[in-house]
Amino acid sequence: MADTVSDSLFSAVTNRMNITWELDEKTETNIRNAIEEAVDYLRKVADSPSLSFESGELRDLLITCAWYFAETKRAEFIQEYSGELVLLRLREGFGCGKESSEV
C-alpha cells in the first residue's frame, strides 16, 4: 500500500464526502484505505511510484478518486475521469506536456 495518509489529506477527503460527524474506527479505517488505494492506483496509471499529491490538480484528482473508491464506485471513476487519467499517464509516465528541467 501507499505511504501513511496525512491528516490534511484525510480531512480533505472526508470534507469532499460531506462528513461532518465524528467517525467510528471502522469508517475511518475504510476511508484511509480508500485513500491509500487511490494513491496506489493513480501512481500506477502515471507509471510514477513516487508521484506526490500534496498540492495542485493532482491533489484534487486524488481526493476525487478516493471519494469514488470509498463509495465503492471505482469503475465509475475510471469511466468518468478517463480523460484525466490519460493526461496523467502522458504527463507523468511519458513526460508529455511537462516543462523541461534542463535549460
Exercise for the section: Hey, could you give me the CG/CD distance between N33 and E28, rounded to the nearest 0.5 Å? Expected result: 10.5 Å
Practice task
Enter the distance from L62:CG to R43:CZ here, rounded to the nearest 0.5 Å.
Solution key: 9.0 Å
Practice task
Check for a donor-acceptor pair, side chain of T29 on one end and backbone N or O of E25 on the other, with a separation under 3.5 Å.
Solution key: yes
Practice task
Work out which heavy atom in R59 is nearest to a heavy atom in A12; give both atom names and the distance.
Solution key: NH2-CB, 3.8 Å
Fill in the blank from the handout: Between A46 and R89, the two heavy atoms sitting closest are C-NH1, 4.0 Å
Practice task
For the pair S11 (side chain) and D7 (backbone), establish whether a donor and an acceptor sit closer than 3.5 Å, ignoring hydrogens and angles.
Solution key: no
Exercise for the section: State plainly whether the residues E37 and R32 are in salt-bridge range, i.e. N to O under 4.0 Å. Expected result: no
Exercise for the section: Examine L87 and L85 and state if one hydrophobic cluster contains both, with Ile, Leu, Val, Met, Phe, Trp and Tyr joined whenever side-chain heavy atoms are less than 4.5 Å apart. Expected result: no
Practice task
Check whether any side-chain heavy atom of C65 lies under 4.5 Å from a side-chain heavy atom of L42, and answer yes or no.
Solution key: yes
Completion exercise
Heavy atoms of L23 and F10 approach each other most closely as CD1-CZ, 3.5 Å
Problem - F77 and W67, any side-chain heavy atoms less than 4.5 Å apart - result: no
Practice task
Determine, using the 4.5 Å side-chain heavy-atom cutoff (strictly less than), whether Y68 and M17 are members of one ILVMFWY cluster.
Solution key: yes
Practice task
Give the minimum heavy-atom separation between E92 and S48, together with the two atoms involved.
Solution key: CB-CB, 4.5 Å
Handout entry: Side-chain touch I63/F53, heavy atoms, less than 4.5 angstrom
Key = no
Practice task
Please name the residue in the list V45, L88, V39 that meets the side-chain contact (heavy atoms from CB on, under 4.5 Å) test with L51.
Solution key: L88
Fill in the blank from the handout: When rounded to the nearest 0.5 Å, the distance separating CD of E71 from CD1 of I31 is 8.5 Å
Problem - Side-chain donor-acceptor pair present, N30, T27, cut-off under 3.5 Å - result: no
